[in-house]
Amino acid sequence: MKTKIIVGLGSCGIAAGAGKVYNMIKQLVEVDKLDIELKQTSCIGMCYREPLVEVIDNTGRYLYGDITIDNVTELMDRHIENGEPIRELVVESDLFRGSEQGYSEGQVKIALRNCGYMDPESIEEAEDRKAYKAIRMVAEDKLSQDDVIKSVLESGIRGRGGGGFSTGLKWRFANNNKSDTKYIICNADEGDPGAFMDRSLLEGDPHAIIEGMILGAYAIGATGGIIYCRAEYPLAIKRLNIALHQAREKGYLGNNIMGIKGFNLDIYVKEGAGAFVCGEETALIASVEGERGMPRKRPPFPAESGLWKKPTNINNVETFANIPYIVLNGGDAYNKYGTVKSKGTKVFALTGKIKHGGLVEVPMGFSIREIIFGLGGGIQDDKKFKAVQLGGPSGGCIPEHLIDTAVDYDSVNATGAIMGSGGMVVMDETTCMVDMARFFLNFTQEESCGKCTFCRIGTKRMLEILTRITEGKGEDGDIEKLEELSEQIKDGSLCGLGQTAPNPVLTTIRYFRDEYEAHINDKKCPAKHCKALLTYEIIPDMCTGCTVCAVKCPTDTISGKRKEIHFIHQEGCIQCGECFSRCNFDAIKVY
Amino acid sequence: MRVKRISLKDKQEQQEAENLSLMNPMIEEYRGKKGNLIPLLQGVQTLFGYIPHEAFLKLHDEAGLKLADMYGVATFYAQFRLNPVGKHIIKVCHGTACHVQNAMKLTEALMESLKIKDGETTEDNLFTLESVACLGCCSLAPVMMIGEETYGKLDGKKSVKIIKEIRLSEKN
Ligand SMILES: Cc1cc2nc3c(=O)[nH]c(=O)nc-3n(C[C@H](O)[C@H](O)[C@H](O)COP(=O)(O)O)c2cc1C
Ligand code: FES
């Protein structure tokens, strides 16, 4: 068997230098005339060990982590030329336990079943991994629209875009509305900053999403398909277009698909233009129609009157990626995972202050602790865990004492956060929760489309209050004002953006009220993050009088002669932290 | 709402005239098509890096789009720019993961090194500094993107070094 070398070329891998590694291997293979098959794949989820290079030879499979241009020649010399695998760098193998073997073993990969295991630009490799088997089965077994919907209903899958509405029911509604033109749309806008599940799926397994849409189109009777993808994902757009082209050539798209009479469908990609609110389905439709992406009142729901006033069904990327598996293997194969009300598996993007940042897919009902401390490996630098943010700008922060919360729709909602699309941003003791609330309000305030007064002006007022607090100008009654405004914005907004915008503030007040109070009453930031609230002081016993701090101080507010103890005059201090970062003797304390 | 984006700069008169005829094939392709407004504006921006005032007028005359509609859309979406940009656009990510990993330090270091504020372009028209929300490489936070290239696991120093290297290669 010919030895295969596979390089992980997802956006994250490329950013970590995988493109350069790929080119280097290519050169080495050419120069040394090696008999090797060099291939690409996408993100396998182990982002913290990128760039990843897989070697498959006649002894077995070796997945190497942290391969850069500095050690790739060593890898080629030792493993390829001399047949001696470098065991220290192997993260996964089928011959012995690699250093990260546990990362994949703890997961159940359904949506991510192909990501990192095939070349996303090759439809043949996808077909070898069962792509388009489900639609073929539908055609060969003459399954009806209702059969497909039933199978999806049985699986119990709920929309993975954040709302959590039953996908089967949604399809049934769209099916019930009779019209000669209907649309199926894939929501690939992934607006939650700090989440990248959909990007990985789009880049890693575009055919699963396309097949999911084909099955959806068949079930509801759609005649046109659109993938609305955000422009920040150029690689995803490129691979989608390649995949769509291949699917057309093979007859999975076009007229009388797979011989099903009258089943005609084409799908094309529409690039977003940078607006978070366009992830909301009615705003997304407005944007596809070429207008400002403003949400409108529902009903009528898109299932009744959507794109160009025709019945339209919108689902998230991850939802579609699960569909072929469900149709092919039956609803039971999916609903055997999960909890009573939340079926199946869910992909999460682990980021922030976590050791193993990356993608994981686990059955619903896993606890946050299992995800963060099990798969995620715990907190960076072994600092203290403080909170995890779920659901992005619509979600909330879950504190340490609730770390055993099960991750399913209802348990997460009970904490005041939401499941959202699957972004998990981990925070440690150095993260200021008031600043986090300010960060999210800044985001929603900018992204509010401006239609509803409460959302437009209310978020602005909340942001002003939060900014004031982080600048040490907080006043008595600010917390109550924030709570009052939150309730009003929730009640007075038309779409999910406004209705959920106060969540990050409300959950941080609920679980970290003492931090707000420290900012307002004591003018202190316990996490030592908010600049204006910090005091820098020299510890006399530690100061050697080296004068570095005095020289570097931009406001000349540090006095002291060479070899004598220095002193920071607080009146002139602008809290820039320059002295603190420059001191070589740990002689400056900050509090 | 992005109020900042709506205010027009007084520097408009300094803009050089762009070769608008480059737009012709695109106008042919999209004329009369439903929902063509955003793809047309995106196309114009790909050509010139921003949407020149005259391009709006041309689209109005030749593609029959209303000026008010185009301006409404161009100021609604974060992607569209109404002012010229530098040769390299530096997009510093300020998404949640990058914020938690101190993305502000990157922007501060870059502002100091380039002597411009966020959203501005350097004197020599080489760099424009922008903030974006999430580039989808959150596990490598903090992240920035220059052109098609994404850089991860940065700090202030590393980001300035990358800029300096680009500046050097431009000189040669
Ligand atoms: C402000 C806002 C932003 C949203 N952003 C997204 C998004 O980026 N991606 C997504 O799939 N759904 C997003 N949604 C949810 C969609 O409106 C819609 O519910 C979803 O695409 C339906 O697909 P699903 O049933 O498969 O989840 C957003 C909703 C709101 C209110
Ligand atoms: S938050 Fe910066 S890349 Fe996602």
Side-chain angles (χ1 to χ4, degrees), chain A residues 11-12 14-16 47-48 50 190-196 198-200 230-234 236 270-276 278 287-294 308 349-353 357-359 389 392-393 423 425-427 431 435-436 439-440 443 445-450 456 460, chain B residues 1-6 30 33-42 45-46 65 69-80 91 93-105 108 131-141 143-145 147-154 156:
Chain A
S11 286
C12 40
I14 294 172
C47 305
Y48 60 103
E50 298 271 20
E190 191 153 74
D192 173 3
F196 55 96
D198 293 351
R199 175 186 64 70
S200 286
R230 66 194 298 238
E232 286 87 343
Y233 290 172
K270 183 104 187 166
E271 267 185 59
F276 172 65
C278 287
S287 177
V288 174
E289 291 177 350
E291 310 209 351
R292 290 164 72 99
M294 300 251 214
W308 311 116
L350 292 178
T351 62
K353 309 263 183 179
L359 276 194
Q389 215 281 345
V425 185
V426 177
M427 299 161 193
T431 317
D435 177 67
M436 274 327 286
F439 168 81
F440 281 116
F443 181 83
Q445 190 272 133
E446 272 211 5
E447 296 296 335
S448 164
C449 76
R456 182 180 70 239
K460 178 107 182 142
Chain B
M1 285 206 308
R2 299 187 186 86
V3 182
K4 264 184 300 189
R5 306 179 43 80
I6 301 179
Y30 282 104
K33 283 209 181 135
K34 283 202 286 192
N36 60 2
L37 202 163
I38 293 177
L40 272 173
L41 293 183
Q42 282 171 331
Q45 180 150 307
T46 312
L65 294 169
D69 286 347
M70 283 187 280
Y71 194 63
V73 165
T75 51
F76 183 87
Y77 294 99
Q79 187 187 40
F80 296 118
K91 294 180 180 168
C93 177
H94 285 268
T96 319
C98 291
H99 178 79
V100 171
Q101 300 281 33
N102 242 331
M104 207 53 219
K105 281 253 159 49
E108 281 169 5
S131 298
V132 291
C134 198
L135 295 164
C137 296
C138 321
S139 45
L140 300 174
V143 173
M144 72 175 181
M145 192 173 183
E148 296 268 288
E149 187 106 17
T150 311
Y151 303 85
K153 296 197 177 151
L154 294 170

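FYI, side chains are in, hydrogens and waters are out, and symmetry mates aren't considered; it's all heavy atoms of this structure. We name chains A, B, ... by the order of the sequence lines, and we start the count at 1 in each one.
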Colleague: If I measure from the heavy atoms of chain B, does A:A236 come under 4.5 Å with its side chain, its backbone, both, or neither?
Modeller: neither
Colleague: Measure distances from A:A231 to the heavy atoms of chain B and classify the residue's part below 4.5 Å as side chain, backbone, both or neither.
Modeller: side chain
Colleague: Between atom CD of B:Q79 and atom CD of A:E271, what is the distance when rounded to the nearest 0.5 Å?
Modeller: 7.0 Å
Colleague: Taking all heavy atoms of B:V100 and all of A:V426, pick out the closest pair and write down the distance.
Modeller: CG1-O, 4.0 Å
Colleague: Looking at every non-hydrogen atom in both residues, tell me the closest pair between B:Y77 and A:G293 and how far apart they are.
Modeller: OH-N, 3.1 Å
Colleague: Over all heavy atoms of both residues, which pair between B:G95 and A:F439 is shortest? Give the atoms and the distance, please.
Modeller: C-CZ, 3.6 Å
Colleague: Once rounded to the nearest 0.5 Å, what's the spacing between atom OH of A:Y233 and atom CG of B:L135?
Modeller: 8.5 Å
Colleague: What's the separation between atom CD in B:Q42 and atom NZ in A:K270, rounded to the nearest 0.5 Å?
Modeller: 8.0 Å
Colleague: Mind checking the CZ-OG spacing from A:F196 to B:S139? Nearest 0.5 Å is all I need.
Modeller: 4.0 Å
Colleague: Could you tell me which portion of B:A141 (side chain, backbone, both or neither) has an atom closer than 4.5 angstrom to a non-hydrogen atom of chain A?
Modeller: neither
Colleague: Could you tell me which residues satisfy ring-ring contact (aromatic ring centres under 6.0 Å, His included) with B:H94, sequence neighbours excluded, listed by chain and number?
Modeller: none
Colleague: So which of A:A273, A:A15, A:G194, A:G290 has the biggest tally of heavy-atom pairs under 4.5 Å with chain B?
Modeller: A:A273
Colleague: If I measure from the heavy atoms of chain B, does A:V288 come under 4.5 Å with its side chain, its backbone, both, or neither?
Modeller: backbone
Colleague: Just verifying a value: how many Å separate A:R230 CZ and B:C134 SG, rounded to the nearest 0.5 Å?
Modeller: 5.5 Å
Colleague: Heavy-atom distances under 4.5 Å only: say whether B:Q45 touches chain A with side chain, backbone, both or neither.
Modeller: neither
Colleague: Let's test your reading of the structure: which of A:S287, A:G272, A:C47 forms the most heavy-atom pairs below 4.5 Å with chain B?
Modeller: A:S287
Colleague: Relative to chain A, which of B:I38, B:V143, B:L41 shows the most heavy atom pairs under 4.5 Å?
Modeller: B:I38
Colleague: Measuring from atom CZ of A:F440 to atom NE2 of B:H99, what distance do you get when rounded to the nearest 0.5 angstrom?
Modeller: 8.5 Å
Colleague: Using only atom types and a distance under 3.5 Å, with no angle test, would you say the side chain of A:R292 pairs donor to acceptor with the backbone of B:F76?
Modeller: no
Colleague: Looking only at atom types and distance, does a side-chain atom of A:E291 sit under 3.5 Å from a main-chain N or O of B:D69, one as donor and one as acceptor?
Modeller: no
Colleague: Please determine, among B:G72, B:G152, B:G136, B:C98, the option with the most heavy-atom pairs under 4.5 Å with chain A.
Modeller: B:G136
Colleague: Are the side chains of B:Q101 and A:T351 in touch, meaning some heavy atoms are under 4.5 Å apart?
Modeller: no
